[in-house]
*Asks:* 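My questions will all concern the structure given below.
Just so it is clear, the values below take in all heavy atoms, side chains as well, and ignore hydrogens, waters and symmetry mates. Counting starts at 1 for both ligands and their atoms, in listed order.
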Amino acid sequence: MIKLTRQNLRTPGPTPVPDDIMDSMSNPMINHRGPEFLDLISRVTEQLKQVFMTQNDLFILTSSGTGALEAAIVNTLSPGDKVLSATAGSFGDRFIDMAVAFGADVERLEFEWGQAVDPDAIRRALADSPAIKAVMVTHNETSTGVTHPLKEIAAIVKDEFGKLLLVDAVSSLGCIPLPVDGWNCDAVATASQKGFMIPPGLAFISFSADAWNAQKTATMPRFYFDLESARRYLERGQTPFTPNLTALYGLSKALDNLLQEGLEDVYERHRRIANYTREGIKDLGLELLAWDEAFASDAVTAVKIPESMDGPKFMRLLRAEENVVLAGGQGKLSDSIFRIGHLGYVSQEDIEEVFEALKKVLPKVGFSAH
Ligand SMILES: *Cc1c(COP(=O)(O)O)cnc(C)c1O
């Protein structure tokens with residue numbers, strides 16, 4: 001058996017798991033076609049709806065977040081459907097790649113990595129192409145540490161144009177406010193290992209009446225992620241396939257904790273810690289990747305690696321000498337930024353520890369902090 005010691009894991013997923021949630025996951029296996037499971041799935045589904053702030057249908061899938069994103073696409077679209085997809089980072093790009101893989105005709109609306117999506121550009125694109133059926137958007141772009149203005153985007157997509165809105169909320173739900181019904185989002189996908197502070201292995205998706213309407217004629221191939229099948233099974237308190245029971249035990253405890261802390265307080269904690277992180281980074285003389293701090297994410301902070309600094313050595317020393325694990329950049333930013341995750345199970349002390357470590361390591365890798 002491998003035995004790893006605890007690190008200050010500051011990646012934007014997986015996040016650390018609190019001890020009481022770890023304990024809850026030592027429950028025994030149960031029959032997923034039995035009464036205990038019916039109780040469990042009914043309870044956590046209702047609690048999840050509170051966190052999503054929705055009365056739409058909500059499904060728990062056994063997969064990583066990408067499975068729920070795939071479900072959003074294949075249950076609403078047909079090959080050849082025209083969709084508009086805004087991207088400003090690697091998760092926005094991946095959402096597009098998935099839609100393309102299933103045969104959608106994707107119009108890409110691209111922004112610089114570090115920029116926020118401009119809602120006006122979405123308005124213009126929808127006005128120019130009436131054939132567009134759906135708009136795909138990433139709420140919080142984890143690869144750049146930018147939160148896109150989803151509320152404004154949703155108002156345009158839904159109120160002005162009446163199109164479907166598919167949202168990647170993998171790193172925002174449970175961290176940053178996303179009132180699914182308040183903003184009228186049709187399909188909203190997220191995952192267990194980010195804001196929910198439980199291990200990877202579960203994904204969640206809310207599905208609106210408009211989404212079900214689209215589902216009736218959607219012909220993209222689907223089997224494992226067929227939400228019609230998920231709906232039929234959920235009516236009987238089951239899932240179509242064997243669920244990740246262990247993660248569900250953790251989810252049940254995590255939802256108790258989140259709802260007890262109170263969603264407003266959870267958001268406020270993320271806001272406060274993100275602010276503390278950004279101020280600390282600037283005080284060191286480092287620069288944020290986000291072009292406009294008003295859109296800087298409350299879940300993850302992306303920091304530019306200065307020319308003088310040895311990035312790989314920096315990450316290695318932080319981990320080996322200080323027990324602090326940060327994330328590197330993704331895609332074209334892989335050598336030019338590092339990222340500090342402050343989502344899910346995070347306190348200000350965790351970030352204070354990160355700064356103590358940064359102050360020790362930065363001078364060893366060619367950067368003199370202010
Ligand atoms: C983490 C993440 C994903 C991918 O989720 P997986 O659970 O790895 O499949 C997708 N989108 C965003 C915005 C993410 O942060």
*Asks:* Suppose clustering is done on Ile, Leu, Val, Met, Phe, Trp and Tyr with side-chain heavy atoms closer than 4.5 Å. Which residues sit in the same group as Leu9?
*Replies:*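 The other cluster members (ILVMFWY side chains, heavy atoms under 4.5 Å, direct or chained) are Val325.
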*Asks:* Drop me the distance from Cys175's SG to Arg269's CZ, to the nearest 0.5 angstrom.
*Replies:* 8.5 Å
*Asks:* Flag the pair Asp298 and Arg278 as a salt bridge only when some basic side-chain nitrogen lies within less than 4.0 angstrom of an acidic carboxylate oxygen.
*Replies:*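 Yes, charged N to carboxylate O under 4.0 Å.
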*Asks:* Can you label the angle between the Phe338 ring and the Phe314 ring as parallel, tilted or perpendicular, going by 30° and 60°?
*Replies:*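 Geometry flag for Phe314 against Phe338: tilted rings.
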*Asks:* If you look at each N/O of ligand 1, which protein N/O atoms lie under 3.5 Å away, and at what distance?
*Replies:*
unit_1	atom_1	unit_2	atom_2	d
ligand 1	7 (O)	Gly65	N	2.7
ligand 1	7 (O)	Gln193	NE2	2.8
ligand 1	9 (O)	Ser64	OG	2.5
ligand 1	9 (O)	Gly65	N	3.2
ligand 1	9 (O)	Thr66	N	2.8
ligand 1	9 (O)	Thr66	OG1	2.4
ligand 1	11 (N)	Asp168	OD1	3.3
ligand 1	11 (N)	Asp168	OD2	2.7
ligand 1	15 (O)	Thr142	OG1	2.4
ligand 1	15 (O)	Lys194	NZ	2.6

*Asks:* Just by distance, with hydrogens left out, do Asn56 and Ser206 show a side-chain donor and acceptor under 3.5 Å apart?
*Replies:* no
*Asks:* Would you call Phe355 and Tyr276 a side-chain contact if the rule is heavy atoms closer than 4.5 Å?
*Replies:*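 Yes, side chains in contact.
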